[in-house]
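All residue numbers in this chain count up from 1 along the given sequence. FYI, side chains are in, hydrogens and waters are out, and symmetry mates aren't considered; it's all heavy atoms of this structure.
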Amino acid sequence: EPKNKMIVQFIKFCLVGGSGVFVDFGITWFFKEICRINKYIANSIGFVCAATSNYLLNRIWTFESHDPEITMQYARFIGISVIGLLINNAAIYLFNDKLKFNFYFSKLLAIGIVTFWNFFMNYFFNF
């Protein structure tokens, strides 16, 4: 039963993450292409906006958390996400700058890598 619950939560986490991809890509695109902001800054803005929307959806739907310490829980979520952001930017650097993959394809690969980090850290340490 607990293993099945973790699998269901991981699927929900991925669905929430999928919605976050739209937030992330949309905001990143806006700041990079329209505002002409540096790609890493644009990426960071998109990532943080997506992390915030993901926190709310994961708290309510994925983990059904009723922890009254919402500020501390959000701070932990953002802390985990910031480490994820560092992993995300490092992956983009590797795939885009070093391996010369398309920026948005590199970003998609980075998101895939960071998904596992974020889920397991939140599963074991936050929710």
First locate atom OG of Ser65, then atom CD1 of Ile70, and finally report the distance between them rounded to the nearest 0.5 Å.
8.0 Å

Ignoring hydrogens, what is the shortest heavy-atom contact between Val114 and Gly84? Give both atom names and the distance.
CG2-O, 3.3 Å

As a quick check of understanding, evaluate side chain to side chain contact (heavy atoms under 4.5 Å, CB included) for Asp67 and Phe127, giving each step before the final call.
CA-CA 8 Å; Asp67 185 344; Phe127 295 106; over 6 Å; no

Side-chain heavy atoms under 4.5 angstrom apart, residues restricted to Ile, Leu, Val, Met, Phe, Trp, Tyr: same cluster for Leu85 and Ile83?
yes

Do Phe47 and Ile27 share a hydrophobic cluster, counting only Ile, Leu, Val, Met, Phe, Trp and Tyr and linking them when any side-chain heavy atoms are less than 4.5 Å apart?
no

Side-chain heavy atoms under 4.5 angstrom apart, residues restricted to Ile, Leu, Val, Met, Phe, Trp, Tyr: same cluster for Phe10 and Trp117?
yes

May I ask you to test the Thr115-Cys14 pair for a side-chain heavy-atom distance under 4.5 Å?
yes

From Ile41 atom CD1 to Cys35 atom SG, the distance as rounded to the nearest 0.5 Å:
12.0 Å

Does Ile80 belong to the same Ile/Leu/Val/Met/Phe/Trp/Tyr cluster as Leu56, with side-chain heavy atoms less than 4.5 Å apart forming each link?
yes

Return yes when atom CZ of Phe120 has more than 12 non-hydrogen atoms of other residues, nucleotides or ligands closer than 6.0 Å, and no otherwise.
yes

When rounded to the nearest 0.5 angstrom, what is the spacing between NZ in Lys39 and CD1 in Ile37?
15.0 Å

Please test Gln73 against Tyr55 for side chain to side chain contact (heavy atoms under 4.5 Å, CB included), starting from the C-alpha separation and ending with a verdict.
CA-CA 9 Å; Gln73 190 179 57; Tyr55 167 72; 2.9 Å; yes

Take Leu15 and Trp61 through the test side chain to side chain contact (heavy atoms under 4.5 Å, CB included) and record every step on the way to the result.
CA-CA 10 Å; Leu15 291 171; Trp61 186 55; 3.8 Å; yes

side-chain hydrogen bond (donor to acceptor under 3.5 Å, both in side chains): which pairs involve residues 2-13, sequence neighbours left out?
none

Single-linkage hydrophobic cluster Val23~Ile92, side-chain heavy atoms < 4.5 angstrom
yes

Might you point out which heavy atoms bring Ser81 and Ala51 nearest each other, and give the distance in Å?
OG-CB, 3.7 Å

Just distance, no hydrogens or angles: give the donor-acceptor pairs under 3.5 Å from side chains in residues 99-113, sequence neighbours left out.
{"unit_1": "Lys100", "atom_1": "NZ", "unit_2": "Asp97", "atom_2": "O", "d": "2.8"}
{"unit_1": "Asn102", "atom_1": "OD1", "unit_2": "Tyr104", "atom_2": "N", "d": "2.8"}
{"unit_1": "Asn102", "atom_1": "OD1", "unit_2": "Phe105", "atom_2": "N", "d": "3.1"}
{"unit_1": "Tyr104", "atom_1": "OH", "unit_2": "Glu33", "atom_2": "OE2", "d": "3.2"}
{"unit_1": "Ser106", "atom_1": "OG", "unit_2": "Asn96", "atom_2": "N", "d": "3.3"}
{"unit_1": "Ser106", "atom_1": "OG", "unit_2": "Asn102", "atom_2": "O", "d": "2.9"}
{"unit_1": "Lys107", "atom_1": "NZ", "unit_2": "Asp24", "atom_2": "OD1", "d": "2.8"}
{"unit_1": "Lys107", "atom_1": "NZ", "unit_2": "Asp24", "atom_2": "OD2", "d": "3.3"}
{"unit_1": "Lys107", "atom_1": "NZ", "unit_2": "Asn43", "atom_2": "OD1", "d": "2.3"}

Heavy-atom closest pair, residues Arg59 and His66:
NH2-C, 4.1 Å

Using a 6.0 Å cut-off, check whether atom CE of Met6 has over 12 heavy atoms from anything other than its own residue.
yes

Taking side chain as C-beta onward, heavy atoms only, is Phe31 less than 4.5 Å from Asn38?
no

So with a 6.0 Å cut-off around OH of Tyr40, is the heavy-atom count from everything else above 12?
yes

A side-chain contact here means heavy atoms from C-beta on lying under 4.5 Å apart; do Lys98 and Tyr93 qualify?
yes

Show, in sequence, the C-alpha distance, side-chain angles and deciding distance for Phe116 and Phe13, and conclude whether the ring-ring contact (aromatic ring centres under 6.0 Å, His included) test is met.
CA-CA 10 Å; Phe116 288 97; Phe13 191 86; 9.7 Å; no

From Phe119 atom CZ to Ile11 atom CD1, the distance as rounded to the nearest 0.5 Å
9.5 Å

In terms of the angle between their ring planes, are Tyr123 and Phe63 parallel, tilted or perpendicular, with boundaries placed at 30° and 60°?
tilted

Any side-chain heavy-atom pair from Asn54 and Phe77 closer than 4.5 angstrom?
yes

